[in-house]
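Below is one structure, written out as structure tokens; comments come after it.
A quick note: this is a predicted structure, and the numbers were derived from the prediction, not measured. The figures that follow rest on heavy atoms only: side chains count, while hydrogens, waters and symmetry mates do not.
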Amino acid sequence: MVYVWGLLAAVQPAFRTAMDSSDVGIRVLMKLPAVAADVGLVLGVAYALRARPGWAAAAALAVALHPAVIDVGAWWGQYESVYVLAALVAYLLAVGGRPGWAAVALGVAVMTKPQALPFVVPFAAWYLARYGVRGSFRYGAVGAATVVVLWLPFVAAGGPVHYLQNLAAYQGGIFAILSLRAWNAWWLVQDAVGGGSFVGDSAAIAGPITLRMLGYIVAGLLEALVFVAVFRAPTARTLAIGIAAASLVAFAALTSMHERYAFAAVVFLALALPDARVRSIWLAFSVAYVANLLAAAPPTEAILAALPIRGPIATLGTVTILAATAAVLYVLLRASRREETSPALRGAPAAAT
């Protein structure tokens, strides 16, 4: 993110000292990386489906005109699309037979935002299945080297240490909440217990196990299913659905989730839109996810009145997102059983989705 902001400051020196968004030019500049990344996502989706031109155009338009994509980037100015674009580039390189460069792109994704960490699970399964233990370590080292290179200019100033301290402060104090308006499993608990107020996630429920730890345990078990499914059938389709599943599992099971953290599912499920089941899941999830975004940060008074963050609509939206998560896991596991790749294919470049 510092590299992105450094580029913006080079374009407009006033960006270096801007402390608010009262200047329209500064607001436009701040949102430009997200909007540019949105364009990259559209092009990437179209490229991934290029073997089926009709679906390539349909999926690209579905992403370009998706209300969540417009709301998160162009309206809200959040940078979810930046790390998701890096992950999409990693996916395209991986299925295109360029595992080294894919590892570089994945390293960039992870160092853009911590929300990209779940992507490591399906990619790790992909590398292990296709390139074995030695190949996985080799490409893992490439990803780690990418992280090191990105940090090098900031080591002398203690950048890595300050970064970890900042994460600890946010996760351990400021955002140590069951759900930060994310309609997930913890939102249902928080709504029932807190009655509209935030509830901390540090309460012990069984000995030393806290609510946050329980979220990690559940998420870890579900991410293990994602790993197994992708490892068993390392195809382009299972990798795409696996990345979406990993994102949804983290969103659904972990505490301290913001409402926008399931953004990657919008993009990676679009890669499997030719599948009628995935289309249905994607549509249901999209409706609930957009409702969550608008309810959490309503852009107008009318939307605030129509989409309250609590109540029957929120409960229905939460159940829909959880059901979509379960459905994606089911489709992934079923596909992995059906598409299980023979040992002879492991290590060969995958065809485009």
Side-chain angles (χ1 to χ4, degrees), residues 1-12 14-15 18-48 56-89 91 108-109 112-116 180-183 243-244 247-248 251 257-271 273 282-283 285-307 309 317 321:
M1 298 304 298
V2 177
Y3 287 96
V4 172
W5 287 335
L7 179 60
L8 298 183
V11 173
Q12 172 52 268
F15 184 81
M19 298 300 292
D20 58 49
S21 59
S22 59
D23 187 309
V24 174
I26 294 296
R27 286 206 302 272
V28 171
L29 190 65
M30 185 69 178
K31 295 179 180 182
L32 187 59
V35 175
D38 289 340
V39 175
L41 291 175
V42 172
L43 296 176
V45 167
Y47 181 79
L61 284 173
V63 173
L65 302 178
H66 200 289
V69 175
I70 297 170
D71 180 82
V72 172
W75 174 262
W76 205 358
Q78 295 293 332
Y79 282 17
E80 310 317 298
S81 56
V82 176
Y83 74 83
V84 174
L85 175 61
L88 180 59
V89 170
Y91 166 84
V108 172
T112 302
K113 275 196 173 185
Q115 287 73 40
L180 291 149
R181 298 189 177 90
W183 286 352
I243 296 170
S247 176
L248 286 171
F251 181 83
M257 286 287 109
H258 282 276
E259 62 284 345
R260 63 184 182 275
Y261 287 172
F263 184 86
V266 172
V267 176
F268 282 96
L269 286 181
L271 298 180
L273 284 182
W282 182 85
L283 182 59
F285 164 74
S286 293
V287 172
Y289 180 56
V290 170
N292 189 184
L293 291 174
L294 295 178
T300 67
E301 291 295 328
I303 292 178
L304 174 62
L307 288 173
I309 191 64
I321 290 175

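- Arg260 is linked by a side-chain hydrogen bond (donor to acceptor under 3.5 Å, both in side chains) to Gln78, Glu80, counting only residues two or more places apart in sequence or in another chain.
- Partners of Phe268 by ring-ring contact (aromatic ring centres under 6.0 Å, His included), not counting sequence neighbours: none found.
- Nearest heavy atoms, Ile303 versus Pro299: CD1-CG, 3.6 Å.
- In terms of heavy-atom proximity, Ala264 sits nearest to Ser247 at CB-OG, 3.7 Å.
- With sequence neighbours excluded, the residues satisfying side-chain hydrogen bond (donor to acceptor under 3.5 Å, both in side chains) with Tyr261 are Gln115.
- Ala9 is linked by a side-chain contact (heavy atoms from CB on, under 4.5 Å) to Phe15, Arg16, counting only residues two or more places apart in sequence or in another chain.
- Here the side chains of Tyr79 and Thr112 are not in contact, with every heavy-atom distance at 4.5 Å or above.
- The nearest pair of heavy atoms linking Leu85 to Ala37 is CD2-CA, 3.8 Å.
- In this view, Phe263 satisfies the ring-ring contact (aromatic ring centres under 6.0 Å, His included) rule with no residue, not counting sequence neighbours.
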Show the atom names and distances, to 0.1 Å, of all donor-acceptor pairs under 3.5 Å that link a side chain in residues 58-77 to residues at least two apart or in another chain.
residue	atom	partner	partner atom	Å
His66	ND1	Ala68	N	3.0
His66	NE2	Ser286	OG	2.9

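- By the side-chain contact (heavy atoms from CB on, under 4.5 Å) test, Ala182 is found to be paired with Ser179, Asn184, Phe251, Met257, residues two or more places apart in sequence or in another chain being considered.
- Expressed to the nearest 0.5 Å, how far CG of Leu32 lies from CG of Leu7 amounts to 9.0 Å.
- Across all non-hydrogen atoms, the minimal contact from Leu88 to Gly40 is CD2-O, 4.5 Å.
- The structure places CG of Leu8 at 9.5 Å from CH2 of Trp5, a figure rounded to the nearest 0.5 Å.
- Summarising the geometry, atom CG belonging to Leu271 is positioned 8.0 Å from atom CD1 belonging to Ile243; distances are rounded to the nearest 0.5 Å.
- Among residue pairs with one or both ends in residues 295-307, none qualify as side-chain hydrogen bond (donor to acceptor under 3.5 Å, both in side chains); sequence neighbours excluded.
- In terms of the side-chain contact (heavy atoms from CB on, under 4.5 Å) criterion, Ala57 has no residue partners (sequence neighbours excluded).
- When all heavy atoms of Ala295 and Pro298 are compared, the closest pair comes out as O-CD, 3.5 Å.
- Across Ala56 and Ala46, no two heavy atoms sit closer than the pair CB-O, 3.5 Å.
- Sorted by first and then second residue, the side-chain hydrogen bond (donor to acceptor under 3.5 Å, both in side chains) pairs involving residues 29-42 (not counting sequence neighbours) are Asp38-Ser81.
- Of the inter-residue distances, the one linking Ile309 atom CD1 with Asn292 atom CG reads 5.5 Å to the nearest 0.5 angstrom.
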